[in-house]
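Numbered from 1 within each chain, the chains take letters A, B, ... in sequence-line order.
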Amino acid sequence: MLRRWLKANGLLAPTGIWLGLFLIAPLVVVVEFSFATRDTGVARAVLPWTTQAYLTALDPAFLPIFGRTLAYAGATTVACLLLGFPLAWFISRHGGRYRTVLLAAVLIPFWSSYLARIYAWKALLDGEGLVNTVLGWVGLDRDGGFLLTHGAVVLGLTYGFLPFMVLPLYVACERFDFRLVEASYDLGHGRVSTFFRIVLPGVMSGVLAGSLLVLVPAAGDFVTPKLLGGVDQSTFGSVIDDQFRGGNNWPLGSAMAVLLLVLVVVVLVLRGRRGEDVL
Amino acid sequence: MADQVRIARLWDVDSPRVTRRTMLGSMAFFALAACAVGPAPTNSGGTDGAGKAANLVDEPRLNFYNWTDYIAPETLPGFTAVTGIEVTYDNFSTNDEMEAKIASGQAGYDLVVPSDNFLRRFLRSGLLQPLDHDAIPNLANLEQRFVEAEYDPGNRYSVPWAWGTTGLAYSKSQLGDEVTGFDAFDLPAARGRSSILDEARDGMAIGLLKLGHDPNTTDARQIDDAANFLLSLKKKLGQINSDVIEPLTSGQVRLAQAYSGDAFQASDANDDVGYVIPEEGGLSYVDLLVIPKDAPHAGNAHRFIDHVLGAETGAALSNAVRYGSPNAAAKPLIDKDLLNDPAVYPPAEQLAKLPFTKDLGGDVEALYADAWTKVKTG
């Protein structure tokens, strides 16, 4: 009995220690910071304990940021779905022996630094950039380019998180039995009806898993809105970043991080078990 | 794909086993990590009256931590030649980076160059040694303005290294001569293409100065008014960003509140970038030599401070870094074109409108920080 216990726990020990040291302990510290008092010296968060940071974080003044963050994350998720589903479907259905190559191509941008790629977007989107120049030929250019707009932020986020959507969708498409589509046609369903009644329910687990993988990090991202967005593009993530990096208010930053975490946990719980086959 | 499924199941929050384990783990770590938050350190011990400047470790060494590209080529060799003290020279590029090392208390540096806003932070936490003025006879060379300065009256903890101003950098070709004050943010060519610094006191100063208030005000209502003014100004801005060099150089930003040093770096890369001190006024900033409390060679650090305050070394430093020099004795030896540049050495009447950022104490600084958060999020 003891030996079995030792064996089981011995196997768990490396993971347990890893999670304990590098996941749980920092999380605990963040929670502690969130209940601490702000210090304007170098300590940043000190005793006594207080809930002031939560009161500030839940202030109605922060509501616009909250809504904006959700809007960005939601728009990003929808854009990733619209782009990712046809791609995943194509790769699994028509990829043939190039499937692996096509999947690798989706992942290749990950080989270079995200920051460098966002700076590349900055160059593409600014007033004299390629995007504005090309749109200028058909009279759709904009003074100052498309940098610092809501569109730029959603574009950057979509670009960054698309692979997270494609991979689970690909797995779902791969598992989907294509004969069902033929059967549906045989039984008289049209294209639209087949898509909504047969294909979509069949790959729903992938859609849910992919949406979650995009929605959650997109809601927490701060680099993209900071670099591509302007004055009205600050999000939950960038406000947290401000509280820490500007050194303004660590307790407030921590409280906001905890609230974001709670929100994510709620989403995960609401997800239920439907997405778990793929995720 | 089977493996992937198994790994991913560990994430499930509704799996009772993981939940219990996580709970137990977090309880244990709450106990362990309780040391992460402690009482606020106070500025106690040795604050009144400096001790004699002495080395804890008796060796001819000095560990100097300074900004990148912020020294004359002959400064360090000159010091070693005169005193026989070997200098270990390390660099940082942001105040945050430097603070992380100094706050740990064991970095082993003898001399550090924070900006005045970080001096305030360090002083509140009691991280610095008071200076022994007897060991720094050249302190008499300092310009009066830097002896009386609000950030550290009487140079008890710090000696200025170089100083600059917070003003407006702009594109000459796009905005021409129209940039004289904060009204420039209303220019059509600047709309959506301008930025202000992402720093509470500097950003708030725009609102305070525009409304005719003191940028060092402690009046909560004035701070609130300034925040409201900035909220309306924000609609015309492109960004709130402290990294102005790249956007100014590329022309993306046409008008930016900027530190003079950054503005000069941008204009080195692109002639089109100009710099002006707004007619409403601005703030002066200064980078300061300080000695951390735990410095192993504090005596040598005092000797270095005295060396840099010398007329010739001070002038060489200023000529190399192209910042304002706080050293009155060095003035006659500084390049004439530098000395006559009003952007580097503003005339007296302008200087009167360029106070240093004063330490307003933790509570008022917190007011500024909160008002700034309101500006950024509103």
Side-chain angles (χ1 to χ4, degrees), chain A residues 12 15-16 19-20 24-29 31-33 35-43 45-49 56 61-62 64-65 122-123 126-128 143-145 147-148 171 174 209 226 229-232 234 239 242-243 245-249 252 265 268-269 272-273 276-279, chain B residues 1 4-5 8-14 21-22 25-26 28-30 32-34 36-41 43 96 99 102-103 118 120-127 191-193 195 198-200 234-235 237-241 250-252 361-363 365-366 369-370 372-374 376-378:
Chain A
L12 264 179
T15 325
L19 283 179
I24 295 167
L27 214 59
V28 169
V29 173
V31 173
E32 288 190 344
F33 279 158
F35 287 105
T37 304
R38 163 165 69 179
D39 174 50
T40 44
V42 294
V46 294
L47 294 173
W49 305 112
T56 314
F62 283 101
I65 307 174
K122 270 183 84 147
D126 86 6
E128 286 76 40
D143 182 43
L147 207 56
L148 316 187
V171 174
E174 192 77 334
K226 196 147 201 158
V231 277
D232 281 324
S234 61
V239 174
D242 281 347
Q243 302 310 321
R245 279 217 295 202
N248 290 342
N249 199 338
L252 178 58
V265 169
L268 282 167
V269 171
R273 298 192 156 271
E276 93 177 355
D277 286 350
V278 177
L279 191 64
Chain B
M1 281 302 159
Q4 206 177 334
V5 172
R9 286 232 166 105
L10 281 176
W11 302 359
D12 278 2
V13 287
D14 44 6
R21 195 164 285 283
T22 317
S26 70
F29 272 102
F30 233 111
L32 271 177
V37 179
N43 193 353
D96 289 308
E99 187 210 3
I102 302 310
F118 274 69
R120 297 200 289 280
R121 218 179 253 293
F122 287 178
L123 286 178
R124 268 181 227 128
S125 295
L127 288 176
R191 239 186 128 84
R193 306 281 299 254
S195 73
D198 188 2
E199 189 72 50
K234 212 174 109 171
K235 295 185 178 68
L237 294 177
Q239 275 191 306
I240 297 178
N241 187 359
S250 70
Q252 169 65 31
D363 291 341
E365 296 283 342
D370 291 345
W372 186 241
T373 300
K374 184 178 149 194
K376 287 196 69 182
T377 56

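Counting heavy atoms from C-beta outward, D198(B) and D242(A) have side chains that approach closer than 4.5 Å. The shortest distance between side-chain heavy atoms of N249(A) and D370(B) falls below 4.5 Å.
When all heavy atoms are compared, the tightest approach of L148(A) to G192(B) is CD1-O, 4.0 Å. Smallest separation of non-hydrogen atoms from Q239(B) and G230(A): CG-CA, 4.1 Å.
Applying the side-chain contact (heavy atoms from CB on, under 4.5 Å) criterion to L27(A), with sequence neighbours excluded, gives L261(A). For F35(A), the ring-ring contact (aromatic ring centres under 6.0 Å, His included) partners are Y54(A), not counting sequence neighbours.
For the pairing with V231(A), the side-chain contact (heavy atoms from CB on, under 4.5 Å) check across K376(B), K234(B), K235(B) returns one residue only, K234(B).
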Q) Are K226(A) and N241(B) close enough, and set up right, to give a side chain to side chain contact (heavy atoms under 4.5 Å, CB included), and what steps lead you there? A) CA-CA 9 Å; K226(A) 196 147 201 158; N241(B) 187 359; over 6 Å; no

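Looking at L147(A), the atoms closer than 4.5 Å to chain B (heavy atoms on both sides) all sit in the side chain, from C-beta outward.
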